[in-house]
2 protein chains.
Amino acid sequence: MRADNRLPRVLHALLHMAEMKGPATSSQLAKMLGTNPSVVRRTMSGLRDAGLLISVKGHGGGWSLKKPLEEISLIEVYEALGQPQLFAIGLSQSGSGCLMEKAADQFTANALAKASSAFQAELREVKVSEIAHQFKNQLESGAGRKQHQI
Amino acid sequence: MRADNRLPRVLHALLHMAEMKGPATSSQLAKMLGTNPSVVRRTMSGLRDAGLLISVKGHGGGWSLKKPLEEISLIEVYEALGQPQLFAIGLSQSGSGCLMEKAADQFTANALAKASSAFQAELREVKVSEIAHQFKNQLESGAGRKQHQI
DNA sequence: ATCTTATGTGACATTTAATGTTACATAAGA
DNA sequence: TCTTATGTAACATTAAATGTCACATAAGAT
């Protein structure tokens, strides 16, 4: 499967939007993200439906934040995207009804469930504004000193 | 991406192999797993290289366990498969060098890293024999009572 | 009113990494 | 030497994501 990049891309877009005065058009965001406007509209529509963004048609229109980054946690973004499939690993699902297969699938599913819980727990703890702060820190350290980079 | 089923499939195969007297041929395993012999050989070769299985050519040959299921943890199986890509979610990786993108990627990668740790920690705690025990429990409850199923 | 700039949306192409398939070399028992 | 296996490479298929294109719709600008 091709990797799903929507989460980091949308986060990236939110950071740019927070630094803009007016709305960002799909074309502008597409250039920032290295994709095209249709992909932006398709991807952002979920965030609008979830109440994180507003979209406006016509002259001077585009996409804007409905609330500040301090009030948006990563889990909200993930959910607004429709909770994209997290794993590239799946179950056997041969449909044979073999009880050994079922047992193997159950243990696999259990390990995946623990991973998913950890992932979502982390997303719940982080606000998008924290990413913005890290960006600003990197700006500073990138300008003068390099020795603090890991 | 298409889901990677190797982990649950291999676990399923190990359970069958533990119940067989002699070696299991790739054809036999392929029927049990709902695939074909080449896939079995390709998949099992990693477990042989990792010292979990032995493969023998010619008459009476096939695949056998090199050690009992009690001594094989799920993490060993996962590693023997070459640690298949766990996530369907990836980073932006546009290569633009945008620091906002980097910050978004770092936070995404961090959440994925926590998920991966949880996944591997769970795999480390479980032996393949435990899956075999669950299979036997399901056999019992499936034979007589159904009321304990969830 | 009409033009221009946007989003909204559906259909289809492309990409990518997995599994599936086929063919044949190689090893070893019968 | 025949038959049964694994070993392996090459290629086909599949699935799910992103990429692309076309056109409808809405709203400010002229």
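Within every chain, numbering begins at 1; the chains are lettered A, B, ... in the order of the sequence lines, protein sequences first and strands thereafter. Please read these numbers as outputs of a predicted model, since none were measured by experiment.
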Residue matched to C:dA30 through Watson-Crick or wobble contacts both under 3.5 angstrom:
D:dT1
By nearest nucleotide on DNA chain D, pick out whichever of A:Asn36 and A:Lys57 is the more 5' one.
A:Asn36
In this structure, how many angstroms lie between the P atom of D:dA17 and the CG atom of A:Asn5, rounded?
11 Å
Heavy atoms under 4.0 Å, any strand shown: does B:Thr35 hit a base, just sugar-phosphate, or nothing?
sugar-phosphate
Please confirm whether the backbone N or O of B:Pro8 pairs with a side-chain atom of B:Asn5, one donor and one acceptor, at under 3.5 Å?
no
Heavy atoms under 4.0 Å, any strand shown: does A:Gly60 hit a base, just sugar-phosphate, or nothing?
nothing
Nearest-neighbour nucleotide for the A:Asp4 side chain, C:dG20, D:dA17, D:dG19 considered
D:dA17
Distance check: side-chain N/O of A:Arg41 vs OP1/OP2 of C:dT7, anything under 4.0 Å?
yes
Quick one: does B:Arg42 reach the base of D:dT6 with a side-chain donor-acceptor pair under 3.5 Å?
no
B:Met44 CE to C:dT19 P: how many Å, rounded?
14 Å
Interatomic distance where CD belongs to A:Gln85 and P belongs to C:dT16 [whole Å]:
20 Å
So does A:Asn137 get a backbone contact from the side chain of A:Glu140, meaning a donor-acceptor N/O pair under 3.5 Å?
no
Nucleotide C:dT9, atom C1' - distance to CZ of A:Arg48 in whole Å:
11 Å
Report yes if a donor N or O on one partner sits less than 3.5 Å from an acceptor N or O on the other, where the partners are the side chain of B:Ser38 and the base of C:dT22; otherwise report no.
yes
Inspect the contact between A:Lys67 and A:Glu76 and indicate whether a charged nitrogen and a carboxylate oxygen are less than 4.0 angstrom apart.
yes
Measure the distance from NE2 on B:His59 to C1' on D:dT1 and round it to the nearest whole Å.
11 Å
Using the closest heavy atom to pick a nucleotide of DNA chain D for each, name whichever of A:Val56 or A:Gly34 lands nearer the 5' end.
A:Gly34
Taking the minimum atom-to-atom distance to the side chain of B:Arg2, which one of C:dT26, D:dT20, C:dT19 wins?
C:dT19
